[in-house]
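Okay, so here's the structure we're looking at.
Remember, predicted model here, so these are calculated numbers, not experimental data. As the structure lists them, so they are numbered: ligands from 1, and atoms in each ligand from 1.
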Amino acid sequence: MDQTKFPSEGPIGIGLLGCGTVGSGVVKLLLSHAEDYAHRIGRPLALRKVAVRDAARGREGLDLAHHLTTDHHAVTRDPATQIVVELMGGVDPAKRLILDAIAHGKHIVTANKEVIARHGDEIYAAAREAGVAVFIEGTVGGGIPIIMPLKASLAANRIRQIAGIINGTTNYILTMMSQHGQGLDEALLEAQRLGYAEADPTADVEAYDAAFKIAILASTFFSHRVRIEDVYREGITHLTAADIQYARELGYVIKLLGVARREEGHLQVRVHPTMVPRTHPLAHINGVMNAIAVQGDAVGEVMFSGPGAGMMPTASAVLGDVLNIAANLEAPNPLITCSHEGAGDVAPIDELETQFYIRLIAHDKPGVIGTIGQSCGQFGISILSMVQKGEQHGLAEIVLVTHRVKEKHMRAALADMADHPTIQSIASVIRVEGLK
Ligand code: HSE
């Protein structure tokens with residue numbers, strides 16, 4: 001390591017790329033806890049330049065006049081800055097600026113899930129080459145410590161499975177549907193009114209946000225990086241009040257779950273609505289809270305939960321990374337840096353073996369149940385339970401739960417049923433996780 005880049009005494013310079021909500025939280029913490037941080041790492045942290053698009057915008061009443069600049073290179077190339085905190089979000093120009101900062105010998109802290117999920121490979125390779133660290137605690141689970149505890153405190157384990165509620169907006173919507181009987185549209189409007197959901201909620205409700213996060217967790221804790229294109233993604237927009245109600249009757253709660261699992265010879269990485277047993281701790285995570293259950297071969301299952309977003313919780317994660325780098329400035333701890341190369345072999349969703357909940361609308365005629373049984377039998381699917389929930393205008397609603405079955409066999413059986421004249425429609429298909 002070039003000692004001139006990282007002087008061993010004097011203040012450690014921190015530069016910011018972007019200063020929106022989380023950035024303002026980071027500055028607030030950095031200024032208000034300055035003495036405490038200096039005491040903990042033995043040197044003060046000094047806020048240097050803060051690059052923003054609009055320098056005139058108000059920022060939580062912070063006086064940043066001497067720090068603000070619209071020139072991003074004033075941060076990425078500042079000789080007195082050792083750690084660059086990127087909080088711009090999105091890929092462009094964030095990726096370009098992160099790489100520029102790395103090329104100028106800066107350590108990186110980012111909360112930008114999209115740039116890490118899409119371009120982590122390139123960013124980590126550049127960082128390895130330059131001998132600097134890239135820390136990403138703020139990318140997943142907001143204020144919940146997950147990356148560092150798994151890398152450091154659970155370092156002795158082989159991580160078998162990570163399953164989590166990693167999107168607060170959808171968890172809020174599902175909680176309102178399940179506990180207050182709201183419909184999806186009503187719950188979404190309420191989430192927007194409270195500022196949880198964006199005006200365009202696509203990234204949350206279609207699970208793009210959660211897909212980035214589970215790709216990052218899988219890439220970080222399995223032995224290869226996971227390409228975002230290999231992550232199976234399904235949002236919550238097709239869920240109905242009836243599914244939520246029947247899930248409850250069957251002893252489950254529907255959650256949008258990100259799941260990453262290490263299997264023989266391949267990885268499973270996916271995000272979709274999932275029926276979680278009511279007895280599992282994840283079923284009790286409500287509102288905008290996030291939680292991540294991790295299975296390690298030595299520790300068994302541990303769960304991390306807390307605020308998955310927000311100014312100060314995310315700032316807590318970001319500054320935790322800054323302090324960890326600052327404390328090991330000249331020789332980043334190899335346990336908590338990333339050395340994975342190459343893309344992992346992620347199995348297609350067709351190969352997933354899981355239980356299914358199916359809701360069908362059928363003509364209330366003799367032989368309907370036989371048809372369903374035959375379609376399932378043909379593809380080796382064993383039915384765990386099946387009930388007819390009632391009849392209206394000659395149509396019956398039939399709910400069934402299967403034993404574990406390959407996704408491709410379930411799809412084939414459903415296509416077979418859909419072809420049958422007595423089956424009017426397949427209203428819902430939801431995967432059921434035992435989380436064992
Ligand atoms: N939109 C995200 C959520 C927060 O609802 O959890 C930022 O990751």
Side-chain angles (χ1 to χ4, degrees), residues 18-26 85-91 94 109-118 120 135-147 162-178 184 187-220 228 231 233-237 239 254-260 271-274 282 285-293 304-321:
C19 193
T21 308
V22 175
S24 301
V26 167
V85 179
E86 185 274 313
L87 300 167
M88 309 175 88
V91 167
V109 173
T110 180
N112 182 339
K113 56 203 164 245
E114 184 170 0
V115 82
I116 294 298
R118 290 193 190 283
F135 279 19
I136 59 168
E137 188 67 68
T139 58
V140 181
I144 304 175
I146 179 73
I147 309 267
I162 303 169
I165 296 167
I166 46 181
N167 182 270
T169 305
T170 47
N171 201 43
Y172 176 83
I173 293 172
L174 294 176
T175 304
M176 290 299 119
M177 289 175 76
S178 127
L184 188 112
L188 172 59
L189 273 177
E190 182 73 0
Q192 284 170 323
R193 196 183 61 76
L194 293 168
Y196 301 145
E198 309 272 338
D200 175 359
T202 312
D204 292 321
V205 298
E206 296 297 353
Y208 290 97
D209 175 85
F212 289 142
K213 291 168 178 169
I214 198 67
I216 290 173
L217 290 176
S219 293
T220 308
I228 188 68
V231 178
R233 177 190 55 78
E234 187 183 306
I236 64 162
T237 49
L239 294 176
I254 301 180
K255 296 289 185 190
L256 180 72
L257 223 60
V259 180
V271 52
H272 51 72
T274 309
L282 282 172
I285 303 299
N286 291 317
V288 287
M289 295 290 274
N290 281 199
I292 301 151
F304 301 80
S305 66
M311 176 168 71
M312 298 317 288
T314 312
S316 153
V318 168
L319 264 176
D321 278 354

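What you find for L188 and A197 is that their closest heavy atoms are CD1-CB, 4.0 Å. Scanning both residues, H272 and L256, for their nearest heavy atoms gives C-CD1, 3.6 Å.
Side-chain atoms of K213 do not come within 3.5 Å of backbone N or O of G164 as any donor-acceptor pair. Put simply, the side chain of E206 never gets that close to the backbone of D209: no donor and acceptor are under 3.5 Å apart. The backbone N or O of I147 sits less than 3.5 Å from a side-chain atom of E137, completing a donor-acceptor pair.
Residue contacts with ligand 1, taken as heavy atom pairs separated by less than 4.0 Å, involve D204 solely via side-chain atoms from C-beta onward. Looking at T170 against ligand 1, nothing comes within 4.0 Å, counting heavy atoms.
In this structure, the protein non-hydrogen atom closest to atom 6 (O) of ligand 1 is G168 N, 2.6 Å. In this structure, atom 5 (O) of ligand 1 lies nearest to the protein heavy atom T169 OG1, 2.5 Å.
Remark: ligand 1 and A309 share no N or O pair separated by less than 3.5 Å (distance only, no angle test). Looking at ligand 1, you won't find any N or O of N290 less than 3.5 Å from one of its N or O atoms.
Using a 4.0 Å cutoff on heavy atoms, K113 counts as a contact of ligand 1.
Considering each of N167, T314, N171, the one bringing a non-hydrogen atom nearest atom 3 (C) of ligand 1 is N167.
Taking the ring centre of Y208 as origin, the terminal cationic atom of R233 falls inside the region bounded by 6.0 Å and 45° from the ring axis.
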